[in-house]
Peer 1: 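Below: one structure in structure tokens.
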Amino acid sequence: MDDSGIGIWGVPLAIFSGAIRVSTPFIFVSLGETITERSGRINLGLEGTLVFGAMTAYAVAVMTGSPALGVLAAMAAGAVFGTIHGWICKWPKVNDIAIGIAMMQFGLGLAFFLGKSFIQPVAPKLPSIPLGGWASSPQVQAALNINVLFFIGAALAVFLWWAFKNTRVGLILRVVGDSTDAARAMGIHPDRIRLLATAVGGALAAIGGAYLSLYYPGSWNEGISSGQGLMAVALVIFARWNPIGCFLAALLFGGAGALGPALQSVGVTQGYYLFYAAPYVLTLAILIATSSPTRSLAGAPGALSLTK
Amino acid sequence: MTKLLSMNRRSFLQTSAAGLAAGTVPALFGSGAAAQTALTVGFIYVGPKDDYGYNQAHAEGAAVIKAMPGVTLVEEENVPETVDVQKTMESMINLDGATLLFPTSFGYFDPHMLAMAAKHPDIQFRHCGGLWQAGKNPMNTGSYFGYIGQGQYLNGIAAAYATKSKKIGFVAAKPIPQVVQNINSFLLGARSVDPAITCQVIFTGEWSLAVKEAEATNALIDQGADVITCHVDSPKVVVETAAGRGAFVCGYHANQSALAKDKYLTGAEWAWGNVYTNFIKSAQGGQKLGNFVRGGLKDGFVKMSPLGPAVSAEGRKKFDATLAEIMAGKFSVFKGPIKDNKGNVVVTAGTALPEDAIELESMGYLVEGVVGSTS
Amino acid sequence: MTVQANDQGLSLPASSLASLRPVLEWLARRAEPVVISLGAVIAGLALFSLFILAIGKSPVTLFQLMYTGGFGSWFSVQNSLSRAAPLLLTALCVALPARLGLVIIGGEGAVVLGGVAAAAAAMPFVGSVPPLLLFIVMATAAMLVGAVWIGFAGFLRHYRGVNETISSLLLAYIAIALMNQFVEGVLRDPASLNKPSTKPLPAQYMMGDIPGMDVHWGLVIGVLACILSWVLIEITSYGFAARIAGGNVRAAQIQGLPVGRLIVGFTGLAGSFAGLAGMIEVAAVQGAANGSLAAGYGYTGILVAFLARHNPLAIIPVAILLGGIEASGGLIQRRMGLPDATVLVLQGTLFIVILFCETFYGRFRIFNPDLWKRS
């Protein structure tokens with residue numbers, strides 16, 4: 001009777017596949033925010049950008065029949081949101097954290113408003129790569145059906161990690177992020193760099209949204225995001241502005257999030273709210289364990305308003 | 001108590017029939033719409049009006065009455081179950097002149113709607129899902145709900161003929177009586193075909209949580225469940241995820257066959273348009289509105305999605321036979337002996353709880369064969 | 001205002017206006033935030049008008065409805081005040097730590113746990129103590145729990161170097177999970193059927209409304225808390241010390257200020273206000289702790305605090321403005337057939353412009369008497 005299930009093995013499998021399925025939006029948003037924060041700016045409004053990206057991608061995919069065009073459109077929309085944020089925040093005395101929260105409301109509102117007519121239609125999904133052909137178990141095959149965006153996110157994390165250290169652009173970003181004055185002295189326009197960094201951050205966050213609406217869970221409605229954008233911004237601090245750290249943090253967060261449903265599916269049914277809190281508890285515990293009053297801000301861009 | 005309540009239900013049905021008659025009288029004299037009493041009706045939704053689920057089902061019902069002559073419809077969506085909903089009701093009364101309100105979320109009932117009803121005794125409030133009690137709750141309030149558990153029972157029958165693994169899955173929001181009754185009905189329907197079937201349930205803990213619903217669906221399928229249904233506000237994600245993994249799907253709240261194509265077996269849908277039409281006709285005809293209004297498939301409160309291509313001929317036969325039995329009005333989903341999944345007898349042998357049995361509305365147990373726990 | 005500013009400064013006849021000068025200076029300094037804020041609101045509304053025009057609706061109708069729904073009648077004013085009440089306390093949860101340079105975004109956690117603590121603490125005393133005493137017990141429990149929750153984020157910041165923004169956000173999610181576990185588990189009233197809640201307070205133990213108004217006492221408590229916080233920040237030595245520490249931790253430590261105690265104290269106080277907001281939700285609105293405690297008041301409070309530039313007195317008008325927008329949002333939905341998201345777009349546009357206009361502070365010579373006399 002139970003031969004089709006995989007029993008207790010379902011838990012590690014769910015954590016593995018959950019880590020891959022659920023983490024992708026976190027990867028893109030946190031990588032985008034890393035670029036933005038490395039430039040000395042914080043964009044707390046990426047939740048709004050993410051949801052607007054999800055809506056745009058879905059709408060464009062419905063209208064054109066091409067999910068790839070949807071992702072591109074989402075990127076463009078996200079870049080526009082980032083540019084607006086970056087332009088407003090270049091003015092003196094404007095608080096980037098507060099603007100972020102207001103932009104979040106604006107993005108959510110606009111996405112819900114414009115997205116009304118796209119709740120009913122079904123959009124074509126982004127393709128995934130079936131890597132599990134070798135496995136006999138359909139569960140493993142399903143777990144290894146991995147979306148191409150996940151690999152792009154992983155590659156991007158490695159690339160950014162390398163680029164921050166070894167390229168001129170990475171150097172400029174770091175100088176701007178550490179000291180506005182030093183950047184000016186070097187003849188760099190900090191506002192221009194931050195504007196670009198925020199625009200790129202917005203575009204990446206919108207890809208995260210496109211993944212939500214066009215792949216997993218692959219649907220557009222007003223409840224599509226449950227705070228992934230906000231949480232991803234927090235993960236950047238958790239990962240200490242390290243792109244590879246962001247990637248790992250996103251995997252950890254996604255995997256821990258899969259724990260709740262997986263445990264219930266194998267019969268551990270009591271106290272599921274507490275299991276659902278696992279990603280947050282785990283993140284907090286690791287954060288406490290790895291921080292210390294003296295080296296807490298290692299890696300923090302000096303000009304960042306959040307960590308001054 | 002039970003008797004009194006079911007009497008109220010019957011009196012509503014009579015009343016609405018009378019209201020229908022009253023509505024046709026002026027038409028005989030050719031004055032039609034002009035003779036209709038002008039009526040402003042307020043609808044309040046807890047989520048977005050178009051969620052492919054719970055709120056959309058109500059909004060579609062509201063759209064039906066909007067077309068009725070003499071009716072002005074005012075609607076507000078995304079209203080939280082806080083002081084906001086109280087003020088929304090009052091605002092509809094004070095600023096729009098609404099005299100009949102339908103707050104459609106369960107959490108609006110106590111204390112919010114009851115407080116407003118006490119303050120505005122001239123206004124009629126009818127609430128979806130609440131347990132209105134004579135003597136305890138004001139007479140200008142009332143509750144209505146549909147026996148959608150019957151629909152989940154039929155879903156279970158369709159599921160039983162489709163499952164190969166003998167495991168079916170249920171993605172549920174919260175362990176509350178309305179949800180628990182649906183889970184139990186789904187399994188009992190399946191077991192009426194094959195007593196070896198079990199149903200795995202996963203509670204997501206929230207009414208709308210897209211990613212977790214998708215994860216829950218995947219976890220159920222990983223554990224071998226090959227037919228999935230759900231009770232969350234917006235079943236779109238569960239239906240699409242399950243069909244995407246190759247599992248069969250039974251819908252809920254609304255017809256989701258377009259989302260799952262040939263994987264869609266059937267679905268339990270609301271037919272609120274009928275219910276609201278009856279209320280409006282009663283109100284326009286000057287009749288008293290029912291205070292405790294319930295109905296199932298035979299009363300037109302609930303309907304089934306057309307059977308999908310994957311349902312076998314044998315399954316169709318059993319489905320149609322059971323549906324006919326339900327429509328005849330002699331059907332009990334809960335027929336003793338029934339044990340809960342901890343081994344306690346919850347319905348004794350020889351007891352059959354009819355659809356309107358009031359104890360069904362406070363169900364707190366999962367029946368034997370359901371894998372899951374309510375706390 | 002006939003006073004004109006130009007590059008040459010003001011050419012006021014010194015003799016005749018000499019006596020008026022202190023008055024004008026006083027006026028000018030206080031006029032700056034008022035004029036800039038009003039200008040920002042007008043600019044924001046103008047921008048939003050473009051959006052409304054673009055979707056083919058009339059901005060004039062919209063603004064008329066906003067006025068009617070938010071402030072146009074005594075009912076509407078009370079509607080706005082009711083919605084503003086919880087935001088006063090949750091905004092303080094952000095504004096107080098901000099004086100120390102801390103960004104706390106997890107006030108929602110203290111609200112929900114404060115509500116649960118209040119409901120739990122009330123249980124043994126209901127029926128045996130007078131209502132006022134019960135409120136004190138509930139408020140104490142709620143404020144303690146709130147203080148511990150947010151104070152913990154402050155503690156982690158100072159003693160472990162954990163960023164308070166992320167820890168408070170994580171703690172908020174954990175708090176909501178705990179709240180759900182409590183109200184659906186050990187604290188659940190078995191009679192709360194489809195909306196799991198704690199045992200409801202009897203009617204005589206409900207906090208009730210301010211006499212002569214339709215607004216609960218939470219408004220008065222919130223305003224008092226804002227005034228007290230202003231006194232704490234602006235007048236006491238603690239507030240002074242906090243501002244120094246907020247400016248430069250090192251400098252404050254060198255001066256011998258107890259930075260750690262200040263941080264834990266301010267975050268604790270901030271959390272206790274958010275906890276109190278939860279208690280008021282239970283004692284004045286819901287009558288029990290349940291999932292509706294997580295209505296987003298904690299998150300909206302962040303916006304209120306930033307718009308008020310973390311000034312506790314400015315929180316009062318900002319919260320009322322926000323309450324007014326939310327109150328009018330319903331009317332806009334109902335009369336113009338626009339979705340609920342319209343209000344989000346309006347809020348977003350308005351707040352972006354208001355926050356952007358902070359850049360104009362100090363740019364207009366007219367508001368800065370020190371620059372008046374240059375010739």
Side-chain angles (χ1 to χ4, degrees), chain A residues 44 48 84-85 88-89 91-95 97-99 101-116 222 227 230-231 233-238 270-281 283-284 287-297 300 305-308, chain C residues 51 55 101 103 105 156-182 184-185 248-249 299-300 302-303 305-307 309 338-363:
Chain A
L44 213 54
I84 295 174
H85 187 282
I88 293 174
C89 292
W91 295 86
K93 293 187 192 165
V94 175
N95 184 309
I97 297 175
I99 288 288
I101 298 168
M103 286 288 290
M104 176 169 10
Q105 278 205 314
F106 180 71
L108 291 173
L110 209 56
F112 295 165
F113 192 98
L114 300 174
K116 279 284 177 201
E222 293 179 20
L230 192 60
M231 198 56 227
V233 174
L235 287 182
V236 175
I237 308 169
F238 177 74
Q270 302 272 328
Y272 45 85
Y273 282 110
L274 304 181
F275 294 122
Y276 284 148
Y280 309 105
V281 175
T283 309
L284 186 62
L287 202 58
I288 294 172
T290 57
S291 299
S292 83
T294 45
R295 57 172 195 93
S296 63
L297 300 178
S305 56
L306 198 62
T307 52
K308 74 174 173 263
Chain C
F51 173 74
I55 57 167
V103 183
I105 60 173
L156 288 177
R157 159 69 187 241
H158 187 73
Y159 296 99
R160 291 292 313 170
V162 175
N163 180 284
E164 77 287 353
T165 311
I166 171 169
S167 68
S168 67
L169 181 67
L170 293 167
L171 283 167
Y173 285 111
I174 296 169
I176 292 169
L178 284 174
M179 182 263 298
N180 278 318
Q181 192 69 41
F182 278 127
E184 289 180 24
N248 188 333
V249 174
Y299 297 116
T300 314
I302 305 169
L303 200 60
F306 273 96
L307 286 171
R309 309 169 93 213
L338 289 170
D340 171 56
T342 318
V343 180
L344 272 178
V345 177
L346 166 63
Q347 286 183 352
T349 316
L350 196 56
F351 299 152
I352 290 169
V353 176
I354 292 175
L355 293 164
F356 169 68
C357 286
E358 301 222 334
T359 194
F360 294 119
Y361 279 88
R363 287 203 183 199

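Every chain is numbered from 1 and lettered A, B, ... according to where its sequence line falls, protein lines coming before strand lines.
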Peer 1: C:Ile352 versus chain A, heavy atoms under 4.5 Å apart: side chain, backbone, both or neither?
Peer 2: both
Peer 1: With respect to chain C, which residue among A:Val233, A:Ile99, A:Leu235 yields the maximal number of heavy-atom pairs within a distance under 4.5 Å?
Peer 2: A:Ile99
Peer 1: To the nearest 0.5 angstrom, please state how far the CD atom of A:Gln105 sits from the OG1 atom of C:Thr300.
Peer 2: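 Interatomic distance, A:Gln105 CD to C:Thr300 OG1, rounded to 0.5 Å: 7.0 Å.
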Peer 1: Classify the ring geometry between A:Phe113 and C:Phe51 as parallel (under 30°), tilted (30 to 60°) or perpendicular (over 60°).
Peer 2: perpendicular
Peer 1: Answer with side chain, backbone, both or neither: which region of C:Ile55 has an atom nearer than 4.5 Å to a non-hydrogen atom of chain A?
Peer 2: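 C:Ile55 touches chain A through side-chain heavy atoms alone.
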Peer 1: For residues C:Arg160 and A:Ile288, report the shortest heavy-atom separation together with the two atoms involved.
Peer 2: NH2-O, 2.9 Å
Peer 1: Restricting to non-hydrogen atoms, name the atom on A:Phe112 and the atom on C:Ala341 that form the minimum distance, rounded to 0.1 Å.
Peer 2: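 Minimum heavy-atom separation between A:Phe112 and C:Ala341: CB-CB, 3.5 Å.
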Peer 1: At what distance, to the nearest 0.5 angstrom, does CG of C:Leu338 lie from NZ of A:Lys116?
Peer 2: 11.0 Å
Peer 1: Kindly indicate whether the side chain of C:Val345, heavy atoms from C-beta on, has any atom under 4.5 Å from the side chain of A:Leu108.
Peer 2: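 SC-SC contact between C:Val345 and A:Leu108 ruled out.
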Peer 1: Identify the two heavy atoms, one from A:Ala102 and one from C:Leu303, that lie closest to each other, and give their separation to 0.1 Å.
Peer 2: N-CD1, 4.1 Å
Peer 1: Between C:Leu171 and chain A, which part of the residue has a heavy atom less than 4.5 Å away: side chain, backbone, both or neither?
Peer 2: side chain
Peer 1: Say you draw a straight line from CD1 of A:Ile101 to OH of C:Tyr299; how long is it, rounded to the nearest 0.5 Å?
Peer 2: 11.5 Å
Peer 1: So A:Phe238 and C:Ile166, do their side chains get closer than 4.5 Å, heavy atoms only?
Peer 2: yes
Peer 1: Cut-off 3.5 Å, no hydrogens considered: what does the side-chain donor-acceptor table look like for residues 353-362 of chain C, sequence neighbours left out?
Peer 2:
residue, atom, partner, partner atom, Å
C:Glu358, OE2, C:Arg309, NE, 3.2
C:Thr359, OG1, A:Pro92, O, 2.8

Peer 1: Answer with side chain, backbone, both or neither: which region of A:Leu230 has an atom nearer than 4.5 Å to a non-hydrogen atom of chain C?
Peer 2: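 For A:Leu230, backbone and side chain are both near chain C.
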Peer 1: What distance separates A:Tyr272 OH from C:Gln181 CD, expressed to the nearest 0.5 Å?
Peer 2: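 The distance works out to 7.5 Å.
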Peer 1: When rounded to the nearest 0.5 angstrom, what distance separates CG in C:Leu344 from CD in A:Glu222?
Peer 2: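 If we round to the nearest 0.5 Å, C:Leu344:CG and A:Glu222:CD are 9.0 Å apart.
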Peer 1: Does any backbone or side-chain atom of C:Ile176 lie under 4.5 Å from a heavy atom of chain A? Answer side chain, backbone, both or neither.
Peer 2: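 Interface part for C:Ile176: neither.
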Peer 1: With rounding to the nearest 0.5 Å, note down the distance linking CG in C:Leu156 to CG in A:Leu287.
Peer 2: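 Here the rounded value is 8.0 Å.
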